[in-house]
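Accompanying notes for the structure given below.
Values below: every heavy atom of this structure, side chains too, minus hydrogens, waters and symmetry copies. Since the model is a prediction, treat every value here as computed from it, not as a measurement. Note on naming: letters A, B, ... go to the chains in the order of the sequence lines (proteins, then strands), and numbering restarts at 1 for each one.
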Protein chains: 2
Amino acid sequence: MRIGELAKKTEVPARMLRYYEEQGLISPRRLENGYRTYDDYLVDRVRKIRGLVDSGIPTRIISNILPCLDQPQTIVVKNAEPGLRELLVTERDRMTEKIDFLIHNRDSMTRYIEAIDHAANSSRETARAS
Amino acid sequence: MRIGELAKKTEVPARMLRYYEEQGLISPRRLENGYRTYDDYLVDRVRKIRGLVDSGIPTRIISNILPCLDQPQTIVVKNAEPGLRELLVTERDRMTEKIDFLIHNRDSMTRYIEAIDHAANSSRETARAS
DNA sequence: CTAAACATTGCCACTAATGTGAAGGTCAAA
DNA sequence: TTTGACCTTCACATTAGTGGCAATGTTTAG
């Protein structure tokens, strides 16, 4: 598919897709006329990129961990680049920390919201009683 | 405590603490000489700010949700600012989405790392057999 | 077939958010 | 009175995007 279709499917502006290419996150092939052409699997990949960026993971890191995120445990593992495993473990652990942190704070927010609701109920009852 | 001590306790440079103040995330009092003075509870708060920023949450949002994150369900709930509950729920749900996304991808990374390890073991055994 | 409408390209510059560095001055403890 | 922590202010850096333009390719309507 061409850039416009991918943009529509991913909700990511074409402009941004070119930007991600510039950052080395996606590498579409080209048609004879120079137009970029994207394989289907890139739809999923672009969504992952968005999610990772939204989670505060810098593009430089994203480019390293993207290979892990493609569904079939591709034979790419054969690379065995030394240091890659290290980096992946580090980033995986950092991610786990982030998850725990977010869960903790999400739960605090939930309790706070419930406190608001409870306060609203109480004052309603107080008003009714008066 | 003064800015230097807070910087040491939180591992956040003093420069950055002034920046967060500028962004309205913390409001230290001042001594007669103009020095900033921080209460103990701000240590925790600064750590939260760091975590939230690292998780891709913009400071403008952080300033809104910070009140929820202070441990004692302070009587602050009395505010009942209309629209605040809405905003909190929205951000809480956004946070949940982020958590789910991160968990999913963290698990993918873990599987990939295991695949690397398994590949390494296999080739070691192959080498031994030859 | 031609012309208008639309998609894509590269390019350059600009914005917004989050920090960071450094100059020049004040404060206070040794 | 020197040293180190702190003050303000202005400017610069980095990351992640955006806007606009002129040129070219493609599609569609008359």
Side-chain angles (χ1 to χ4, degrees), chain A residues 1-39 42-43 45-66 91 94-95 98 101-102, chain B residues 1-39 42-43 45-66 87 91 94-95 98 101-102 105:
Chain A
M1 81 192 77
R2 291 184 312 182
I3 201 169
E5 192 180 344
L6 182 61
K8 216 164 269 174
K9 284 191 184 169
T10 59
E11 308 246 300
V12 173
R15 188 68 188 75
M16 221 177 212
L17 294 173
R18 294 194 197 96
Y19 172 73
Y20 286 150
E21 180 178 350
E22 211 171 289
Q23 303 304 307
L25 299 178
I26 41 180
S27 305
R29 294 189 313 277
R30 298 293 181 129
L31 302 171
E32 312 92 23
N33 56 15
Y35 282 21
R36 292 168 177 83
T37 181
Y38 299 86
D39 294 332
L42 288 173
V43 174
R45 184 150 175 159
V46 167
R47 295 210 180 103
K48 269 170 191 149
I49 293 171
R50 281 306 318 151
L52 293 167
V53 170
D54 279 349
S55 300
I57 295 165
T59 58
R60 146 186 61 85
I61 303 288
I62 295 177
S63 67
N64 283 309
I65 69 181
L66 269 180
E91 289 307 322
R94 201 190 299 278
M95 229 152 152
K98 203 172 277 189
F101 173 86
L102 285 174
Chain B
M1 80 193 77
R2 290 183 313 180
I3 200 168
E5 192 180 344
L6 182 60
K8 215 165 269 176
K9 284 192 184 167
T10 59
E11 308 246 301
V12 173
R15 188 66 186 76
M16 217 158 161
L17 295 173
R18 295 194 195 97
Y19 171 71
Y20 286 148
E21 181 177 349
E22 207 174 281
Q23 302 306 305
L25 299 179
I26 41 181
S27 306
R29 294 189 314 277
R30 298 294 181 127
L31 302 170
E32 312 90 26
N33 55 16
Y35 283 19
R36 292 167 177 83
T37 181
Y38 299 86
D39 293 332
L42 288 173
V43 175
R45 183 150 176 160
V46 167
R47 295 211 180 102
K48 270 170 190 151
I49 293 171
R50 281 306 318 150
L52 293 167
V53 170
D54 279 350
S55 300
I57 295 165
T59 58
R60 146 187 59 85
I61 303 288
I62 294 177
S63 67
N64 283 309
I65 69 182
L66 269 180
L87 184 144
E91 289 307 322
R94 201 191 300 279
M95 227 152 153
K98 203 172 278 190
F101 173 86
L102 285 174
N105 287 288

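- With rounding to whole Å, A:Tyr19 atom OH is found 21 Å from C:dT8 atom P.
- Residue-level contact check: B:Arg60 touches neither bases nor backbone, having no heavy atom under 4.0 Å from any strand.
- Atom CZ of B:Arg29 is separated from atom P of D:dC7 by 14 Å (rounded to the nearest Å).
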Test log, rule salt bridge (Lys or Arg N to Asp or Glu O under 4.0 Å), inputs A:Glu21 and A:Arg30 | CA-CA 13 Å; A:Glu21 180 178 350; A:Arg30 298 293 181 129; 3.5 Å; yes
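- The side chain of A:Arg36 contributes no N or O atom lying less than 4.0 Å from OP1 or OP2 of C:dT8.
- A salt bridge is absent between A:Arg2 and A:Glu5; no separation between the charged side-chain nitrogens and carboxylate oxygens falls under 4.0 Å.
- Put simply, A:Arg2 has no side-chain N or O that comes within less than 4.0 Å of OP1 or OP2 on C:dC6.
- No hydrogens or angles were tested; on distance alone, nothing pairs the side chain of B:Arg15 with the base of C:dG19 as donor and acceptor under 3.5 Å.
- Distance OH (A:Tyr38) to C1' (C:dT9): 11 Å, rounded to an integer number of Å.
- OP1 or OP2 of C:dG19 has at least one side-chain nitrogen or oxygen of B:Arg50 nearer than 4.0 Å.
- Contact annotation: B:Asn33 does not reach the phosphate of D:dC6 (side-chain N/O to OP1 or OP2, under 4.0 Å).
- Mapping B:Glu32 and A:Tyr35 onto DNA chain C via the closest heavy atom, the residue that lands nearer the 5' end is A:Tyr35.
- The base of C:dG10 lies outside donor-acceptor range of the side chain of A:Arg18, with no N or O pair under 3.5 Å.
- Atom CD1 in B:Ile62 sits roughly 11 Å away from atom C1' in C:dT18 (whole-Å rounding).
- Looking at the side chain of B:Met16, the nearest of the listed nucleotides D:dC7, C:dT9, C:dT20 is C:dT20.
- A 4.5 Å side-chain heavy-atom check between B:Ile65 and B:Lys48 finds every atom pair outside the cut-off.
- For D:dT15, the OP1/OP2 oxygens have no side-chain nitrogen or oxygen of A:Thr59 closer than 4.0 Å.
- Between atom OG of residue B:Ser27 and atom CG of residue B:Asp39 there is a gap of 11.0 Å, rounded to the nearest 0.5 Å.
- Regarding B:Glu5, its CD atom lies at a distance of 16 Å from the C1' atom of D:dG4, rounded to whole Å.
- A straight line from CD of A:Glu22 to C1' of D:dT14 spans 15 Å, rounded to a whole angstrom.
- Mapping A:Gln23 and B:Gly34 onto DNA chain D via the closest heavy atom, the residue that lands nearer the 5' end is B:Gly34.
- Checking A:Arg30 against B:Ile57, the closest nucleotide of DNA chain C that is more toward the 5' end is the one next to A:Arg30.
- Rounded to whole Å, the distance from CE on A:Met1 to C1' on C:dA7 is 16 Å.
- With hydrogens and angles left out, the side-chain atoms of B:Arg50 and B:Tyr20 include a donor and acceptor closer than 3.5 Å.
- When the P atom of D:dA16 is taken as reference, atom OH of A:Tyr20 falls 9 Å away, rounded to whole Å.
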